[in-house]
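Chain identifiers are assigned alphabetically (A, B, ...) following the order of the sequence lines, protein sequences preceding nucleic acid strands; residue numbering begins at 1 within each chain. Owing to the predicted nature of the structure, the values given are computational and were not obtained by experimental measurement. Worth knowing before you read on, the calculation uses all heavy atoms, side chains too, and leaves out hydrogens, waters and symmetry mates.
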Number of protein chains: 2
Amino acid sequence: MAKKNLESEIMLAAEKLFIEKGFEATSTTDITKMVGCNQALVNYYFRTKEKLFQKIFSQKLEHIWSFMTLESNKSISLFDFISRFINAYFEELTTNKKLPFFIINELVINQERRKFIREEIILSDKFQNYYTTLNNLVQAEVKKGTIRDIEPSDLLLHIISLTVFTFISLPLYEDFFLKDDVGVQNYVNDRKEEIIILIINGIRK
Amino acid sequence: MAKKNLESEIMLAAEKLFIEKGFEATSTTDITKMVGCNQALVNYYFRTKEKLFQKIFSQKLEHIWSFMTLESNKSISLFDFISRFINAYFEELTTNKKLPFFIINELVINQERRKFIREEIILSDKFQNYYTTLNNLVQAEVKKGTIRDIEPSDLLLHIISLTVFTFISLPLYEDFFLKDDVGVQNYVNDRKEEIIILIINGIRK
DNA sequence: GATGTATTTAATAAGTCTATTAAAAACAGT
DNA sequence: ACTGTTTTTAATAGACTTATTAAATACATC
């Protein structure tokens, strides 16, 4: 039996519900009902529902973002980067299937959160370094003549589009073709392999 | 001055707001405030907010879906299909930039709407024909040896992933890189060309 | 112009939601 | 065991929601 700590229990329940149903559709009553404590505790520990959300959101964002940059450092060549990155990305999202939708959704809906990301991530040194590293990898291959001349941003967008969309659309796949967990997992794995092939083939000369 | 017709004015306002902010975040008061009429009219014309939403949702879905099938019939070869389809798809979504997010969002959130799609679209003859046509196009090219052996579903998913994600993430691009309408349009056009190249290159042998 | 129907409004019921407040309970340290 | 602090609860204010109702207005047809 874990030590009872309502603050973190509320965080966990909120995380689950926010990711499942989004900010609007989740009430503080839902959250505390899940924990089994009084609704006022949300305000006691986090002041407002919005602040609780922000805490969870930036936590999740930091998680996924630090994961992304971590993966890029390990790579030596571009093709290595691509397949390694997509593999790790898929593995990461497989254990957090709803995360892509959660993040995209809130970023699209809420302009404030976009500004937050811009300042915290896009303008950060870490991102600039990350992008420069990727750019070097790409330029090296272009010079060698192994790939066509492509913007690193396009490459990155291809990877993110195809990976993220796979997980966003997962509930659709599940219900359209009546698949169980195993079926879904097979589908995800197949998509992963196919996406790697498409991208590597697609940038080759 | 158009003939005043509050029923359709409500529909239009609701369409705008639902697409902009989603079902939950839009209130019937918002909608009628926009039109400038009494809130009770929503219930008078559409019985419930949910029914109003459903009407708009299936209208939009029908629009995009009939567009997709229309485009497939015009194509003769696979490469023709791909570039023609992506071009038309992008053009369509350029005039309805928020539509992809709207549809995906509601489908992910609401299982009932997924079931609706399954019955109305996936299981329809029209879809089955559509898929068979695509399959024939793909098989023909595989036999000719011009492309690698790929599932038509994968090809379709590639196209949809890359196209839809471009528009879903548009607000992010806009705010991250501080682009105006012209900048955004250039970006969209560049992405379109790049996506066509990636896919055609990516399925070639 | 009277009469029946369709449209629109104002008022409001009944529910939900978040945040606040004051009191109660649990837990320290002495 | 007493005292001060932290945690938790119950109760509730106040602001929204959607949907319903009955009354008012506009419209059409005879």
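Side-chain N/O atoms of B:R47 include none lying less than 4.0 angstrom from OP1 or OP2 on D:dT18. OP1 or OP2 of D:dC16 has not a single side-chain nitrogen or oxygen of B:T29 nearer than 4.0 Å.
Within the nucleic acid shown, B:T32 has no heavy atom closer than 4.0 Å to any nucleic acid atom. In this structure, A:Y45 reaches the sugar-phosphate backbone alone: every heavy-atom distance under 4.0 Å involves primed, P, OP1 or OP2 atoms, never a base.
Here the two rings, on A:F53 and A:F18, have centers that are under 6.0 Å apart.
Distance from the side chain of A:A40 is smallest for D:dT9 among the nucleotides D:dA19, D:dT9, C:dT9. Closest approach to the B:K49 side chain among D:dT18, D:dT8, C:dT9 is made by D:dT18 (side chain taken as heavy atoms from C-beta onward). When distances are taken from the side chain of B:S27 to each of C:dA19, D:dT17, D:dT20, the shortest belongs to D:dT17.
Taking the ring centre of B:F23 as origin, the terminal cationic atom of B:K49 falls inside the region bounded by 6.0 Å and 45° from the ring axis.
Distance CZ (B:F23) to P (D:dT17): 13 Å, rounded to an integer number of Å. One interatomic measurement links the two molecules: CD1 of B:I31 to C1' of D:dT18, which rounds to 11 Å at whole-angstrom precision. As rounded to whole Å, 14 Å separates atom P of D:dT12 from atom CG of A:N38. Rounded to whole Å, atom P of C:dT9 lies 14 Å from atom CG of B:N43. Per the geometry, OH belonging to A:Y44 stands 5 Å off C1' belonging to D:dT6, to the nearest Å. Atom CZ in B:F53 sits roughly 14 Å away from atom P in D:dA19 (whole-Å rounding). Regarding A:Q39, its CD atom lies at a distance of 17 Å from the P atom of D:dG14, rounded to whole Å. One atom, CG of B:L6, and another, P of D:dA26, lie 13 Å apart when rounded to the nearest Å.
Ion pairing of B:R118 with A:D175 is absent here, as no side-chain N (NZ or NE/NH1/NH2) approaches a carboxylate O to less than 4.0 Å. The existence of a salt bridge linking B:E50 and B:R113 is confirmed by a sub-4.0 Å separation between a basic side-chain nitrogen and an acidic carboxylate oxygen.
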Exercise for the section: With side chain to side chain contact (heavy atoms under 4.5 Å, CB included) as the test, would you mind laying out the steps for A:F101 and B:I109 before giving the verdict? Expected result: CA-CA 10 Å; A:F101 177 72; B:I109 285 175; 4.2 Å; yes

